[in-house]
Amino acid sequence: MNNFRLRSINMLDIKQMISEILDEKVPSLNSEEIYNMLEYPPDDRMGDVALPCFKLSRILRKSPVQIAEELVKEIPAHPRIEKVEAVSGYLNFFLDKQSFVEDVLSTVLKEQDRYGARDIGKGKNIVIDYSAPNIAKPFHIGHLRSTVIGNSLYKIFKFLGYNPVGVNHLGDWGTQFGKLIVAYKKWGSKETIEKGGIKELLAIYVRFHEEAEKDPALEDEARQWFVKMEQGDKEALELWQWFKDISLKEFNKVYDLLGIKFDSYAGESFYEDKMPAVIEELKEKNLLTESEGAMIVDLEEYDMPPCLIVKKDGSTLYATRDITAAIYRKNTYDFEKCIYVTGAEQSLHFKQWFKVIQLMGYDWYDQLIHVPFGMVSLGDEKLSTRAGKVVLLEDLLNQAIKRTLEIINQKNPNLENKEEVARQMGVGAVVFSDLSSNRIKDVSFSWDEILNFDGETGPYVQYTHARACSLLRKAEKEVDPNFDPALLSTKEEFKVAKTLYLFPDKVITAMKELEPSIITRYLIDLAQEFNRFYHEHPILVEDEALRNARLALVSAVKYTLKNGLQLIGLSAPERV
RNA sequence: GCGUCUGUAGCUCAGUGGAUAGAGCGUUGGACUCCGACUCCAAAGGUCGCAGGUUCGAAUCCUGUCAGACGCACCA
């Protein structure tokens, strides 16, 4: 009966403790049912954990008020519970503050960098497909979301004991290379491209679309070049490789700034020679039909448009490569989940080819998960690479770093390795901002908002962490783990401890919902609670016992902030 | 036309069917002889798009409706 909660492995689970107490008093429900009824009240005056008795009302055939009032008399004295109150149909439990604070802080101080970590994913591989920029197109702010959401999920899974595999499914194959080759041959030159890099590639790509509007024949020409690529034409492939090299060099600059690495860069071209077998397999399984000259999998039965596998000119499509890649990844990594972090506008595409995998008879079709996110717009306008309407991610990050350096020069000009700290905080501001609301929401990019570091921002959390570090440095002595919890009796200290207590739960929830913003918002809550405590109570006081107890709290906050920041891909500099 | 997602304070957003719907920004007014003021406190600001329904109880679930975003065959 006591093993139904994973999270009680490492620390006190207060809901479980209370559900066990209640289990004996409420025979009609088992411990787990009671556990699920318990909630955290909205206000401290209503206690720390509450049991709403309204549902019990029907079972026990009594009013909720009466049930609460009867139960309150039956709850036996418990060392970890200060008092229990019945208030208008709620049974409110007030924790014994001293033992709670002691339990939480000693757990954090013992686990340190591992506070919140678990081993629930031991031996399980999780493939995470994220970032996936298109070669020969600039890395712009629209690519940031996939990159940072995927990176955060990677860290979260790893923290929970999984073995994540980060795959950058580079968009290094497809018709756009045909367009680029045409554009290069007509308007480009080796010198200008080598000098201008990806910006020059973008310029000729934009020009292609302008010219193609006037002359649709260019599109046909581009398609022919792509067909040549698929047929192994030497000239086409050499140009392709060249474009790819230029692009990767550029992308790696951004990944370095962000501090992101991948386990695999197997992009679309990697699957080029693996697709014929899959197309053959689709044929053998009688899934492929011809329609308007193309080869499709008909999904009408499932209320979806058909999934295109082979174009009428014989070349392959996005879905062909995704299906091939999924099968390859299953064989290679034996994943428990394969997660695709892409824009919500691709939802139907994933739904379609997931269905194709199922129709092929693969029982792991339900291990494929699309993690969609909302669209980034620029003011009122949509970002468009074709129209050249973009904010380059490298420019954005460099702006943010520059802005941070200005602030440091103003506030803390003697700081060592200013440049590195400015990078960590400037990048942190951008990443934090991108991960601060639910991923499904559309975002409208604004320079003003992203470069404003006041309030609920990455720098705020990082600053709070640095301040905690500063206190611990000034204390000179290590925190004695045998602190006296009785000295941490104020409401600010208790609230900090309560917030610390929630962290492991938040990590689990973020993993289950594939939602890094849960961590981001938690960090703001924790930083706010800590800053209130910090303002209200002096920490480096004369009284050694009191000082040590408060430093224990500071230390626990420091570890938790650092762990949380790490999970969303941010650095936690000790001095800023 | 069909489908998916979104709609909560002036703005950006939180909010597990549960108690008086919360933050930040902005506005107004405060707090540094004191551990780092990128901080903290306070005030003002709400028909949770709208209308029904389910429920002891709905911002949350259901139906309808309005508005916006996105998607719906050879782009990814």
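Per chain, numbering begins at 1; letters A, B, ... match sequence-line order. These numbers come from the heavy atoms of this one structure, side chains and all, not from hydrogens, waters or symmetry mates. This is a predicted model, so every value here is computed, not measured.
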Note to self: Is the shortest side-chain heavy-atom distance between Pro133(A) and Asn168(A) below 4.5 Å?
What the structure shows: yes
Next item on the list: Would you indicate what Arg45(A) reaches in the nucleic acid, counting non-hydrogen atoms under 4.0 angstrom: base, sugar-phosphate, or nothing?
Entry: base
Check: Counting only side-chain N and O atoms of Thr175(A), is one of them less than 4.0 Å from OP1 or OP2 of C75(B)?
Finding: yes
Item checked: Proximity to the side chain of Ile440(A) - top-ranked nucleotide from A19(B), C35(B), C5(B) -> C5(B)
Margin query: Does the structure show a Watson-Crick or G-U wobble partner for G3(B), both distances under 3.5 Å? Name it, or say none.
Written below: C70(B)
Notebook entry, point to check: Do any side-chain nitrogens or oxygens of Arg532(A) fall under 4.0 Å of OP1 or OP2 in U39(B)?
Noted result: no
Check: Between A76(B) atom P and Glu219(A) atom CD, what is the distance in whole Å?
Finding: 12 Å
Item checked: Side chain to side chain, Ile59(A) and Leu29(A), heavy atoms closer than 4.5 Å -> yes
Note to self: Heavy atoms only, 4.0 Å cut-off, all strands: where does Pro305(A) land among base, sugar-phosphate and nothing?
What the structure shows: sugar-phosphate
Margin query: Distance to the ring centre below 6.0 angstrom and angle to the axis at most 45 degrees; does that hold for Lys355(A) and Tyr302(A)?
Written below: yes
Next item on the list: With a 3.5 angstrom cut-off on both distances, give the Watson-Crick or G-U wobble partner of A58(B), or none if there isn't one.
Entry: none
Notebook entry, point to check: Just checking Gly174(A): base, sugar-phosphate only, or nothing, at a heavy-atom cut-off of under 4.0 Å?
Noted result: sugar-phosphate
Margin query: Rounding to an integer number of angstrom, what distance separates A58(B) and G49(B) when you compare their P atoms?
Written below: 15 Å
Next item on the list: Tell me whether the OP1 or OP2 atom of A14(B) has a side-chain N or O from Asn438(A) closer than 4.0 Å.
Entry: yes
Check: What does Pro41(A) touch in the nucleic acid at a heavy-atom separation under 4.0 angstrom: a base, only the sugar-phosphate, or nothing?
Finding: base
Check: Is the shortest heavy-atom distance from the side chain of Val557(A) to the side chain of Glu529(A) under 4.5 Å?
Finding: no
Check: Under a 3.5 Å cut-off for both distances, is A31(B) Watson-Crick or wobble paired, and to whom?
Finding: U39(B)
Next item on the list: Determine the Euclidean distance between corresponding C1' atoms of U16(B) and G53(B); express it in Å to zero decimal places.
Entry: 23 Å
Note to self: Tell me whether the side-chain N/O atoms of Ser347(A) come closer than 4.0 Å to OP1 or OP2 in U4(B).
What the structure shows: no
Note to self: Contact between Leu570(A) and Gln462(A) at the side-chain level, heavy atoms closer than 4.5 Å - yes or no?
What the structure shows: yes
Check: Between C75(B) and Arg223(A), is there an OP1 or OP2 to side-chain N/O distance shorter than 4.0 Å?
Finding: yes
Checklist line | Partner nucleotide, any strand, of G17(B) [Watson-Crick/G-U, under 3.5 Å] | finding: none
Notebook entry, point to check: Can you tell which of G36(B), U16(B), A73(B) lies closest to the side chain of Pro306(A)?
Noted result: A73(B)
Next item on the list: For the side chain of Tyr463(A), starting at C-beta, report the closest nucleotide among C25(B), A19(B), A37(B).
Entry: A37(B)
Notebook entry, point to check: Roughly how many Å is it from CH2 in Trp353(A) to P in A76(B), rounded to a whole number?
Noted result: 15 Å
Check: Hey, is the main chain of Ser436(A) close enough, under 3.5 Å, to the side chain of Thr520(A) for a donor-acceptor pair?
Finding: no
Notebook entry, point to check: Hey, does the side chain of Lys441(A) come within less than 4.0 Å of A14(B)'s phosphate (OP1/OP2), counting only N and O?
Noted result: yes
Note to self: Regarding A19(B), can its base be found pairing with the side chain of Asn92(A) as donor and acceptor, where the two atoms are less than 3.5 Å apart?
What the structure shows: yes
Item checked: A37(B) OP1/OP2 closer than 4.0 Å to side-chain N/O of Arg467(A) -> yes
Checklist line | Candidates U20(B), G18(B), C13(B) - which lies nearest the side chain of Val443(A) | finding: C13(B)
Notebook entry, point to check: With both distances kept under 3.5 Å, what pairs with C50(B), Watson-Crick or G-U wobble?
Noted result: G64(B)
Check: How long is the line joining CZ of Phe373(A) and P of C70(B), in whole Å?
Finding: 15 Å
Margin query: Can you work out whether Trp173(A) or Asn412(A) has the more 5'-proximal nearest nucleotide on RNA chain B?
Written below: Asn412(A)
Notebook entry, point to check: Contact class for Ala50(A) vs. all strands (heavy atom < 4.0 Å): base, sugar-phosphate, or nothing?
Noted result: base
Next item on the list: Indicate whether Tyr90(A) forms a stack on A19(B); treat it as stacked only if centroid distance is below 5.5 angstrom and interplanar angle below 30 degrees.
Entry: yes
Margin query: Do Leu415(A) and Arg575(A) have side chains that approach each other closer than 4.5 Å (heavy atoms only, starting at C-beta)?
Written below: yes
Checklist line | Contact nearer the 5' end of RNA chain B, comparing Glu456(A) with Arg473(A) | finding: Glu456(A)
Check: Can you tell me if the side-chain N/O atoms of Arg58(A) get under 4.0 Å from OP1 or OP2 in C56(B)?
Finding: yes
Next item on the list: Assign Lys474(A) to base, sugar-phosphate, or nothing according to its heavy-atom contacts below 4.0 angstrom with the strands shown.
Entry: sugar-phosphate
Next item on the list: May I ask you to say what Ile296(A) touches in the nucleic acid, namely base, sugar-phosphate or nothing, with a heavy-atom cut-off under 4.0 Å?
Entry: base
Next item on the list: Using only side-chain N and O atoms of Tyr318(A), determine if any of them is under 4.0 Å from OP1 or OP2 of A73(B).
Entry: no
Notebook entry, point to check: Is the closest side-chain heavy-atom distance between Thr404(A) and Phe453(A) below 4.5 Å?
Noted result: yes
Notebook entry, point to check: Taking a pair as Watson-Crick or G-U wobble with both distances under 3.5 Å, which nucleotide is matched to A23(B)?
Noted result: U12(B)
Next item on the list: Pick base, sugar-phosphate or nothing for Leu317(A), based on heavy-atom distances below 4.0 Å to the nucleic acid.
Entry: sugar-phosphate
Checklist line | Interatomic distance, His537(A) NE2 vs C40(B) C1' [rounded to whole Å] | finding: 13 Å
Notebook entry, point to check: How many Å lie between CD on Glu529(A) and P on C40(B), as a whole number?
Noted result: 11 Å
Notebook entry, point to check: Taking the same atom, C1', in C25(B) and in U63(B), what whole-Å distance lies between them?
Noted result: 38 Å
Next item on the list: For nucleotides A9(B) and G52(B), find the distance between their C1' atoms and express it as a whole number of Å.
Entry: 27 Å
Checklist line | d(OH, Tyr534(A); C1', C34(B)) in whole Å | finding: 9 Å
Next item on the list: With heavy atoms under 4.0 Å as the rule, sort Lys351(A) into base, sugar-phosphate or nothing.
Entry: nothing
Check: How about Ile518(A) and Glu513(A): do any of their side-chain heavy atoms sit closer than 4.5 Å?
Finding: yes
Next item on the list: Describe the nucleic acid contact of Ala344(A) in one word from base, sugar-phosphate, nothing, applying a heavy-atom distance below 4.0 Å.
Entry: nothing
Next item on the list: Sticking with atom C1', work out how far G36(B) lies from C11(B), rounded to a whole angstrom.
Entry: 31 Å
Next item on the list: Report the distance from atom CG of Leu348(A) to atom C1' of A73(B), rounded to the nearest whole Å.
Entry: 11 Å
Check: Can you find a donor-acceptor N/O pair under 3.5 angstrom joining the side chain of Ser291(A) to the base of A73(B)?
Finding: yes
Notebook entry, point to check: Taking only side-chain nitrogens and oxygens of Asn452(A), does any of them come within less than 4.0 Å of OP1 or OP2 of C25(B)?
Noted result: no
Note to self: Regarding Gln462(A), tell me which of base, sugar-phosphate or nothing describes its non-hydrogen contacts under 4.0 Å with the strands shown.
What the structure shows: nothing
Next item on the list: Round to a whole Å and report the spacing from CD of Glu39(A) to C1' of G18(B).
Entry: 5 Å
Checklist line | Ring centres under 6.0 angstrom apart (Phe177(A), Phe226(A)) | finding: no
Next item on the list: Rounded to whole angstrom, note down the C1' distance from U8(B) over to C13(B).
Entry: 9 Å
Check: Touch check for Val541(A), heavy atoms < 4.0 angstrom, all strands: base, sugar-phosphate only, or nothing?
Finding: nothing
Next item on the list: Pick base, sugar-phosphate or nothing for Glu268(A), based on heavy-atom distances below 4.0 Å to the nucleic acid.
Entry: sugar-phosphate
Check: If you check every side-chain atom of Glu345(A), which of G15(B), C70(B), C35(B) has the closest atom?
Finding: C70(B)
